[in-house]
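Okay, so here's the structure we're looking at.
Hydrogens, waters and symmetry mates play no part in the numbers below; they use all other heavy atoms, side chains included. Residues: numbered from 1 along the sequence shown.
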Amino acid sequence: MPAAITLTPVVIDTGSIDSEGRLAFRDGRLIGVLTLLDPDLYDELGVGRHWFLEAGFGRVAGEPRPPTFPTLDAARAWLDDRTSRVRPHCAAEARSPSAGWCGTGPAPSR
């Protein structure tokens, strides 16, 4: 049975009034940061009080345009779907784990 996604409340300094957030974990590893979108700023777009993936890590990193989520349960289900998929081993993708990068796309700059 896959591990549950846990969401821990956090206050995020986003530079705007959107500060309520959740740290998303799977197996004790941080996989994402969610921010609750303020209704005064985002109701015109139809996403006020929706959750937004502010940052994704691991298998969630690099999602081109993650959706906004009307509930935390919807966000949790989306994160679970993205992180429970079996990915091919680096060698099967002709990538070397010893090179320090095993993800998809270009290696992150450091």
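With hydrogens and angles disregarded, no donor-acceptor distance shorter than 3.5 Å links the side chain of D27 to the backbone of R29.
When all heavy atoms of D43 and G48 are compared, the pair lying nearest together is OD1-CA, 3.3 Å. Minimum interatomic distance between D18 and L37 (heavy atoms only, all atoms of both residues): OD1-C, 3.7 Å. Taking all atoms of both residues into account, the shortest heavy-atom contact from A24 to I5 is CB-CG2, 4.4 Å. For the residue pair A75 and L34, the shortest heavy atom distance occurs at CB-CD1, 3.9 Å. Shown here for R26 and S84, the closest heavy-atom pair between the two residues is NH2-CB, 3.9 Å. Contact record, R22 with V10: N-CG1, 3.8 Å, taken as the closest heavy-atom pair.
Between W78 and T83 there is no side-chain heavy-atom pair separated by less than 4.5 Å. Looking only at side-chain heavy atoms (C-beta outward), W51 and T68 stay at 4.5 Å or farther from each other. Side chains of F25 and L7 form no contact here, defined as non-hydrogen atoms less than 4.5 Å apart.
Between atom CD of residue E54 and atom CG of residue L36 there is a gap of 11.5 Å, rounded to the nearest 0.5 Å. Separating the CZ atom in F52 from the CZ atom in F69 is a distance of 9.5 Å, to the nearest 0.5 Å.
Environment of CG in D13: sparse, with no more than 12 heavy atoms of neighbouring residues, nucleotides or ligands closer than 6.0 Å.
Under the 4.5 Å side-chain contact rule for hydrophobic residues, V11 and L23 do not share a cluster.
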*asked:* side chain to side chain contact (heavy atoms under 4.5 Å, CB included) for L53 and V33? Distances and angles first, verdict last.
replied: CA-CA 6 Å; L53 182 66; V33 178; 6.0 Å; no

*Decide side chain to side chain contact (heavy atoms under 4.5 Å, CB included) for R59 and I31; before the verdict, give the C-alpha distance in whole Å, the side-chain angles of both, and the deciding distance to 0.1 Å.*
CA-CA 8 Å; R59 295 179 187 172; I31 59 169; over 6 Å; no

